[in-house]
Amino acid sequence: MKSYFYASMLYLLCFQLQAQSKLDVFLAQKGGAGLRTQPASIYPEGGLGWSTDFKFLTQATDTIIPTPYQLNWGIDLGLTWDDQLFFFTGVNYTARYDRGVPVCDVCGLVYNGGPILLRNYFWEIPIGLNFLFTTQKSINPFIGASAFYTFSTKWEYYQSWAFQWRLGASIPLGQTTSFQLSLYTQGNRRASERPYYIFREAGMQLSLVKIFRKS
């Protein structure tokens with residue numbers, strides 16, 4: 001229900017703004033990568049879960065790619081007012097990689113093996129905004145924030161809200177196209193029911209933004 005509520009609010013806001021001048025539609029393709037800033041808490045079902053710890057990195061044999069880390073890519077679609085304020089929604093796909101050992105809260109599981117590489121994949125639906133402090137310079141700084149409704153590709157009942165804060169710069173490539181490079185921090189709130197996946201992460205994101213002017 002929360003997702004429908006936020007989507008409806010965004011739609012009404014965009015509908016009201018569309019009647020104003022200087023309002024255009026934009027489309028952005030984006031991709032990013034980053035690292036976990038604290039160990040994840042992963043409990044797919046019941047009392048069985050995974051204990052993750054950064055010390056597991058030194059115990060692994062396949063450390064060519066640093067873990068834990070995440071990769072994400074997606075598309076944003078929304079409205080921009082005067083090329084300065086951007087409201088958007090869209091869809092993201094995020095792959096998160098951790099390293100951990102199995103644990104069980106209720107069964108007394110004893111595991112003597114090494115840490116295991118954990119792969120988890122999520123779809124994310126954002127509702128967000130970016131605000132550019134300037135629009136006419138060669139580099140225009142901006143801040144942004146998003147709320148993400150997320151669901152797992154393999155855990156049937158998983159759902160979560162995550163929040164992201166951004167600081168970046170927009171680099172114009174022309175009258176209607178620009179690059180947006182940003183640093184972000186993102187995390188989700190602790191879930192009250194399992195399955196859940198709790199994380200805190202930071203990273204870098206690059207977007208190619210195309211604005212469609214009114215004729």
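- T94 OG1 to E201 CD: the interatomic distance, rounded to the nearest 0.5 Å, is 7.0 Å.
- Contact between L27 and I75 at its shortest, heavy atoms only, is CD1-CG2, 3.4 Å.
- Taking W73 as the reference, Y93 meet the ring pair (Phe, Tyr, Trp, His ring centres under 6.0 Å) condition, with sequence neighbours excluded.
- Under the 4.5 Å side-chain criterion, counting only non-hydrogen atoms from C-beta, Y69 is not in contact with R36.
- Side-chain contact between N120 and S152: absent, with no pair of heavy atoms (C-beta onward) separated by less than 4.5 Å.
- Taking the side chain as every heavy atom from C-beta outward, Q180 and L206 never approach each other to under 4.5 Å.
- Residue F142 comes nearest to A169 through the heavy atom pair CE2-N, 3.3 Å, listed as atom of the first residue, atom of the second, then distance.
- Looking at Q84, its side chain does come within 3.5 Å of a backbone N or O of L132 through a donor-acceptor pair.
- In this structure the side chain of T89 reaches within 4.5 angstrom of the side chain of I125, judged on heavy atoms.
- Side chain of T185 to backbone of W165: no donor-acceptor contact under 3.5 angstrom is found.
- A side-chain N or O of S160 and one of N188 form a donor-acceptor pair less than 3.5 Å apart.
- Hydrophobic clustering, with ILVMFWY side chains joined whenever heavy atoms are under 4.5 angstrom apart, groups L181 together with L183.
- Heavy atoms only, all atoms of each residue included: D76 and P126 are closest at OD1-CG, 3.9 Å.
- F151 and L71 fall within a single hydrophobic cluster, where Ile, Leu, Val, Met, Phe, Trp and Tyr are joined by side-chain heavy atoms under 4.5 Å apart, directly or via other members.
- Under the 4.5 Å side-chain heavy-atom criterion for grouping Ile, Leu, Val, Met, Phe, Trp and Tyr, W161 is connected to W123 within one hydrophobic cluster.
- With T176 contributing its side chain and F212 its backbone, the two residues share no donor-acceptor pair below 3.5 Å.
- Classified by interplanar angle (parallel below 30°, tilted 30° to 60°, perpendicular above 60°), the ring pair F131/F133 is perpendicular.
- At least one donor-acceptor pair under 3.5 Å links the side chain of D53 to the backbone N or O of K55.
- Separation of atoms CZ (R200) and CD (Q38) is listed at 5.5 Å; rounding is to 0.5 Å.
- Closest non-hydrogen pair, A33 versus N72, comes out as N-ND2, 4.2 Å.
- If you run side-chain hydrogen bond (donor to acceptor under 3.5 Å, both in side chains) between D83 and each of K22, R213, Q175, Q136, only R213 comes through.
- Tested against F122 for a ring-ring contact (aromatic ring centres under 6.0 Å, His included), the candidates Y197, F148, F199 yield a single pass: Y197.
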Residues L167, I143; criterion side-chain contact (heavy atoms from CB on, under 4.5 Å); working and verdict: CA-CA 5 Å; L167 176 64; I143 58 174; 3.9 Å; yes

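- Side chains of N140 and T135: a donor-acceptor N/O pair is absent below 3.5 angstrom, by distance only.
- Checked against salt bridge (charged side-chain N to carboxylate O under 4.0 Å, His left out), R166 has no partners two or more places apart in sequence or in another chain.
- Residues L117 and T67 form a side-chain contact, since some pair of their non-hydrogen atoms from C-beta on lies under 4.5 Å apart.
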Verdict with supporting geometry, Y121 and Y97, side-chain contact (heavy atoms from CB on, under 4.5 Å): CA-CA 9 Å; Y121 307 97; Y97 299 89; 3.8 Å; yes

Evaluation steps, side-chain contact (heavy atoms from CB on, under 4.5 Å), between F179 and L173: CA-CA 7 Å; F179 274 125; L173 301 178; 3.5 Å; yes

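- Under the 4.5 Å side-chain heavy-atom criterion for ILVMFWY residues, a single connected hydrophobic cluster contains both W155 and I116.
- Contact of the L129 side chain with the S146 side chain is not registered, since no non-hydrogen atoms from C-beta on lie closer than 4.5 Å.
- For the atom pair I42 CD1 and S51 OG, the distance stands at 9.5 Å (nearest 0.5 Å).
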Steps toward side-chain contact (heavy atoms from CB on, under 4.5 Å) verdict (L79, D24): CA-CA 6 Å; L79 298 173; D24 297 297; over 6 Å; no

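- Note on residues 116-144: pairs passing salt bridge (Lys or Arg N to Asp or Glu O under 4.0 Å), not counting sequence neighbours, are R96-E124.
- Taking OH of Y43 as the start and OH of Y158 as the end, the distance is 15.5 Å to the nearest 0.5 Å.
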From CA spacing to verdict: side-chain hydrogen bond (donor to acceptor under 3.5 Å, both in side chains), Y149, Q159: CA-CA 7 Å; Y149 175 71; Q159 59 179 348; 3.0 Å; yes

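- Put simply, CH2 on W81 and CZ on F86 are 12.0 Å apart, with the number rounded to the nearest 0.5 Å.
- Residue S138 comes nearest to P172 through the heavy atom pair O-CD, 3.3 Å, listed as atom of the first residue, atom of the second, then distance.
- Closest of all the heavy-atom pairs between S41 and Y196 is OG-CE1, 3.5 Å.
- Taking the side chain as every heavy atom from C-beta outward, L118 and T52 approach each other to under 4.5 Å.
- At most 12 non-hydrogen atoms from other residues, nucleotides or ligands lie less than 6.0 angstrom from CD of Q29.
- Annotation: side chain of L35 is not in contact with side chain of P68 (no heavy-atom distance under 4.5 Å).
- Under a hydrophobic clustering in which Ile, Leu, Val, Met, Phe, Trp and Tyr are joined whenever their side-chain heavy atoms come within less than 4.5 Å, directly or via other members, L208 and M204 fall into the same cluster.
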